[in-house]
2 protein chains.
Amino acid sequence: MKLGTRGRYAVMALVDLAYYGQGKPLALTEIAQRQSLPLSYLEQLFLKLRQKGFVASTRGHLGGYTLAREAEAIRISEILEAIGEPLETTRCDKSSATGCLRTNAKCLTHALWAGLGAQMQQYLDGISLADVCERRII
Amino acid sequence: MKLGTRGRYAVMALVDLAYYGQGKPLALTEIAQRQSLPLSYLEQLFLKLRQKGFVASTRGHLGGYTLAREAEAIRISEILEAIGEPLETTRCDKSSATGCLRTNAKCLTHALWAGLGAQMQQYLDGISLADVCERRII
DNA sequence: TTCATACTTGACTAAATTAGTCGGGAATTC
DNA sequence: GAATTCCCGACTAATTTAGTCAAGTATGAA
Ligand code: FES
Ligand code: FES
């Protein structure tokens, strides 16, 4: 049950962007340096973040990325989902009614894992980028 | 952020043991069949669970495993930790004061991940094997 | 114009982790 | 003594992760 670098770096970079980029485009090289993250990896991540509408890009000299939405309106849970770091606690297919294995009843532990997932989702739903920047965590 | 099979199978098997084994030893083959889990993998997991004091074993014919502690007294969080499925949300070393990278300050997102970890820990601390068996989840 | 900067994109890869398997052994009961 | 069941370590195949690399496009400044 560990958080990978995809989700972690994406959030770190977006927090950095919200924190240091005051409306002006911020180059990835700058973010990468400040957060000690590999630049080419970040490029990959920001490609997806742009496609999903979290950031907007400006090319060329003095270009960079800006937040496409208000920092108050971006929840951490959204970022993780967009970047491909889902909260997978249950093993069964959510869409189908069938549970862990074959049987169409849920396994004994289903409710437990579903509860854990809901707990995490709720927590990350309740925190915005702005909250992290201004250190309003719990 | 996904739950692996180690933790998942360990909990499934222990729940099965608490649910179907009424004090009497339950063979792993039976548990494995009922829960559709690979037997040899389960053996590996139960070796650790026995060493950590969660179950006791009886060898030979009609042997098997029994819970070494009351189902009410075994918390899910303990199982996950024992089996080697820790809740790793932060990246920094807990023991040392230094944060994500070199700097001895914590990174901007540290509190966020720590909060998430605490949330999960608290949830799993609050649920016992017995709770799962009797479907007392949330 | 020309150059430097910075985003864009897809393909590729090395390392780590996971999810097991396999084989032989030891204890216990019938 | 035969069947059953736990015991244990070593080994491996597959997957995932965490990146790298290379080539291209757009923009602004000198
Ligand atoms: S996790 Fe959903 S049925 Fe087992
Ligand atoms: S996660 Fe602890 S300092 Fe970054």
Side-chain angles (χ1 to χ4, degrees), chain A residues 1-14 17 21 24-68 80 83-86 88 91 100-101, chain B residues 1-14 17 21 24-68 80 83-86 88 91 100-101:
Chain A
M1 205 79 210
K2 71 174 67 160
L3 179 67
T5 56
R6 269 199 310 278
R8 160 169 280 122
Y9 291 179
V11 173
M12 286 176 77
L14 286 179
L17 183 53
K24 299 295 167 197
L26 214 55
L28 272 192
T29 50
E30 196 180 329
I31 298 178
Q33 276 186 9
R34 192 161 35 221
Q35 303 294 327
S36 301
L37 305 176
L39 173 61
S40 44
Y41 196 30
L42 264 194
E43 287 178 331
Q44 206 181 105
L45 299 178
F46 269 71
L47 173 64
K48 200 165 260 182
L49 290 175
R50 182 177 59 80
Q51 288 169 346
K52 303 264 183 172
F54 290 90
V55 295
S57 63
T58 312
R59 317 236 286 204
H61 191 48
L62 295 185
Y65 287 95
T66 50
L67 285 182
L80 294 181
I83 211 66
E85 183 101 37
E88 287 182 21
R91 189 173 57 164
C100 262
L101 261 211
Chain B
M1 206 79 211
K2 71 174 65 162
L3 180 67
T5 56
R6 269 199 310 277
R8 160 168 280 124
Y9 291 179
V11 173
M12 286 175 78
L14 286 180
L17 183 54
K24 299 295 169 198
L26 214 55
L28 272 192
T29 50
E30 197 180 329
I31 298 178
Q33 277 186 9
R34 193 162 33 223
Q35 302 295 327
S36 300
L37 304 176
L39 173 62
S40 44
Y41 195 32
L42 263 194
E43 285 178 333
Q44 206 181 106
L45 299 179
F46 270 70
L47 174 63
K48 198 165 261 181
L49 290 175
R50 182 178 58 81
Q51 288 168 347
K52 303 264 181 173
F54 290 91
V55 296
S57 63
T58 314
R59 317 233 286 202
H61 191 50
L62 294 184
Y65 286 97
T66 50
L67 285 182
L80 294 181
I83 211 65
E85 183 101 36
E88 288 180 20
R91 189 172 58 164
C100 262
L101 262 210

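Hydrogens, waters and symmetry mates play no part in the numbers below; they use all other heavy atoms, side chains included. Every chain is numbered from 1, with letters handed out A, B, ... down the list of sequences.
Nearest approach of B:Arg8 to A:Arg91, heavy atoms of both residues: NH2-N, 3.3 Å. Nearest heavy atoms, B:Gly7 versus B:Leu80: CA-CD2, 3.6 Å. Heavy-atom minimum distance, B:Ala10 versus B:Leu45: N-CD1, 4.1 Å. The two residues A:Ala13 and A:Leu42 make their nearest non-hydrogen contact at CB-CD2, 3.9 Å. Minimum heavy-atom separation, B:Ala68 to B:Gly53: CB-O, 3.6 Å. Nearest heavy atom pair, residue B:Arg50 against residue B:Ser57, reads CD-OG, 3.5 Å.
Between A:Tyr65 and A:Phe46, the ring planes are tilted. Angles from 30° to 60° get that label.
Listed by residue number, the members of residues 45-55 of chain A with any heavy atom below 4.0 angstrom from DNA chain C are A:Leu47, A:Arg50.
Between the P atom of D:dA26 and the OH atom of A:Tyr65 lies a distance of 15 Å, rounded to the nearest Å. In this structure, CG of A:Leu42 is placed 16 Å from P of C:dT9, rounded to the nearest angstrom. Rounding to whole angstrom units, CE of residue A:Met1 and C1' of C:dT17 are separated by 16 Å. Counting to the nearest Å, the P atom of C:dC7 and the CG atom of A:Leu17 are 11 Å from each other.
With hydrogens and angles ignored, the 3.5 Å screen pairs no side-chain donor or acceptor of A:Glu85 with any backbone N or O of A:Leu3.
Of the side-chain N and O atoms in B:Ser57, one or more sit less than 4.0 angstrom from OP1 or OP2 of D:dC7.
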For this session: At under 4.0 Å between heavy atoms, which parts of nucleotides 18-30 of chain C does protein reach? Answer with one letter per nucleotide, 5' to 3': B base, S sugar-phosphate only, - none.
Result: SBBB----BBBSS
